[in-house]
Amino acid sequence: MVRVRFAPSPTGYLHVGGLRTALYNYLFAKRHGGVCILRIEDTDRTRLVEGAAEALLTTLRWAGIEFDESPEKGGDCGPYVQSERFDLYRQYAAELVERDAAYYAFDTAEELDAMRKRMQDAGVAWRYDRTTMRNQYTLGEAETKRLLDEGAPKTVRMKVPLSGEIRFNDLVRGPIEVPARDVDDQILLKSDDFPTYHLANIVDDHFMKITHVIRGEEWLPSTPKHALLYDALGWERPQFAHLPLLLNPDKTKLSKRQGDVAVEDYRDKGYFHEALVNFVALLGWNPSSDREIFTMQELIDTFDLSKVNKAGAVFDVQKLDWMNSEYLRAKPLDELARDIMPAMQASGVTTTPDYLASVIGLVRERIHKLNEVPAFTTYMFHAPTEYEAEFKEKHWLPEHAAPVRSLAERLTATDWKAASLQETTKAFAKESGIKVGVFMNVLRLMITGRSVGAGMFETMELLGKDECLKRINTALQVFGG
RNA sequence: GGCCCCAUCGACUAACGGUUAGGUCACCACCCUUUCAAGGUGGCUGUACGGGUUCAAAUCCCGUUGGGGUCACCA
């Protein structure tokens, strides 16, 4: 039974890289009929942000990712919040010491900083030296016991072998090995008795029966420590899969400085969750097909960890925009109208769902995101209050007044359907010896006041005969025909 | 700097020893046309470099270069 987990820290918004990690875990679980767990890793009390855990869950749900076991849903391996599992970590920290795979250290943060600085100045790579620092080995059994008994501040550190290689297999990268002498004696239990990530993580993964650890590449360097911990406790190691990083255009790790990184930012900017998920799914993985558009179910059906790429992927917003417009064109109009109605009202427009749906139908191919609708379609809801100067300058001539009047009369006699309007206009243009384009632009100017918009005849049909004639007359007066 | 990871068009990627190195986004041109789009057609540009192995290398091996990640009582 496949069991995977997404384990964010409640320190803020959900990063798009986090979304992809959560998504791959979810897809992998669903693909194999397994279980996807959400675990909150809140062992660092100093970075805790109020309400962040709930926000994370809300955002994940918006994206269409549902967990089988989570803090709110519960499950057989709970609790799913690390701060509620502290006893377990202390117990296994002690167990590790018992097995001589970890030890007590009494150095203060200041002493460590000083040592670090000294070594750095000397140009030596920093690693905790358990033969010279203040710990149970240098202090001796009696002194250690005395310090422990009197409750002196202490930490528990991993006892990493001084020689040999640490090997593990990565489902994405293959076999990896690192010299044990390059691995630091990581702190497992802090002086406040709280566990660090490394301890809490492996204890939880073990007791939550996690079979595959799928996480970002930034965890690769600490995986040897995790492997060592599983071994020391006599636990079976899970399979590891480290995902390639999401990158800025300059190839550095995706960061706030160079654009939006919060999933919420994209949601608020009007991207569909289907598009974001689809886009992010294809960053670092691809089912070897030429297809670009996938529903969540299709992603589940084709997801394959062995096809995940090794190299980082640049997050290209232009392609996201394209993908979003694909969804914009495919979605039902009534659904789009319903979604954007609040924004329409907020911009001062009162309209009906049906009319709004028709408007969207006319403009959806001209925009990338739903939230562009209000600003793009003002003329569909009220007559223009001003006319684009440059456009008018280019297309309006006083001698157009008379022909336009005649055309308007001719159009009045039709059934005011787009096809008839077009046919009549073309016929009239031919008859009067004026180019169709001239009429088109003048009508657009008079009716919409703008240079860009939906198809002219479709727009006129939707606006209705009375409204169009009114706008034409108004313009004629304003322009001084 | 130490350690680890990585390397196909500008970007996302396909090709798991044999293809004229394919697709998508972006870009350019043309067509369509009623503005803007969309659509259609075509084009542009790539296996980082150097050595091997092999009849045959983008693909396997080694090295170089380049990029990234990581080196906390943060995750």
Touch class at under 4.0 angstrom, heavy-atom based, for A:Gly455 against every strand present: base
Sugar-phosphate only, base, or nothing, as touched by A:Thr108 at under 4.0 Å among non-hydrogen atoms: base
Between A:Arg173 and A:His242, a side-chain donor and acceptor under 3.5 Å: no
Gap in Å between the two C1' atoms, one belonging to B:G18 and one to B:U13, rounded: 22 Å
Distance, C1' atom - from B:U41 to B:U33, rounded to whole angstrom: 16 Å
Residue pairs, two or more places apart or on separate chains, that pass side chain to side chain donor-acceptor pair (under 3.5 Å) and touch residues 428-446 of chain A: A:His395-A:Asn441, A:Arg410-A:Glu431
Boundaries of the chain A footprint along RNA chain B (any atom under 4.0 Å from a heavy atom): B:G2 to B:A75
Check: A:Val213 and A:Arg5 side chains under 4.5 Å, non-hydrogen atoms: yes
Sugar-phosphate, base or nothing in reach of A:Glu292, heavy atoms under 4.0 Å: base
Distance, P atom - from B:C36 to B:C31, rounded to whole angstrom: 15 Å
Pairs touching residues 107-120 of chain A that satisfy salt bridge (charged side-chain N to carboxylate O under 4.0 Å, His left out), sequence neighbours left out: A:Glu111-A:Arg134, A:Asp113-A:Arg116, A:Lys117-A:Asp121
Touch class at under 4.0 angstrom, heavy-atom based, for A:Ser288 against every strand present: sugar-phosphate
Pairing partner (Watson-Crick or G-U wobble, both distances under 3.5 angstrom) of B:C3: B:G69
B:G42 versus B:G22 - spacing of their P atoms, nearest Å: 14 Å
Inter-nucleotide C1' distance (B:U65, B:G50), Å rounded: 10 Å
Separation of the P atoms in B:A48 and B:A21, to the nearest angstrom: 15 Å
Sugar-phosphate, base or nothing in reach of A:Arg329, heavy atoms under 4.0 Å: sugar-phosphate
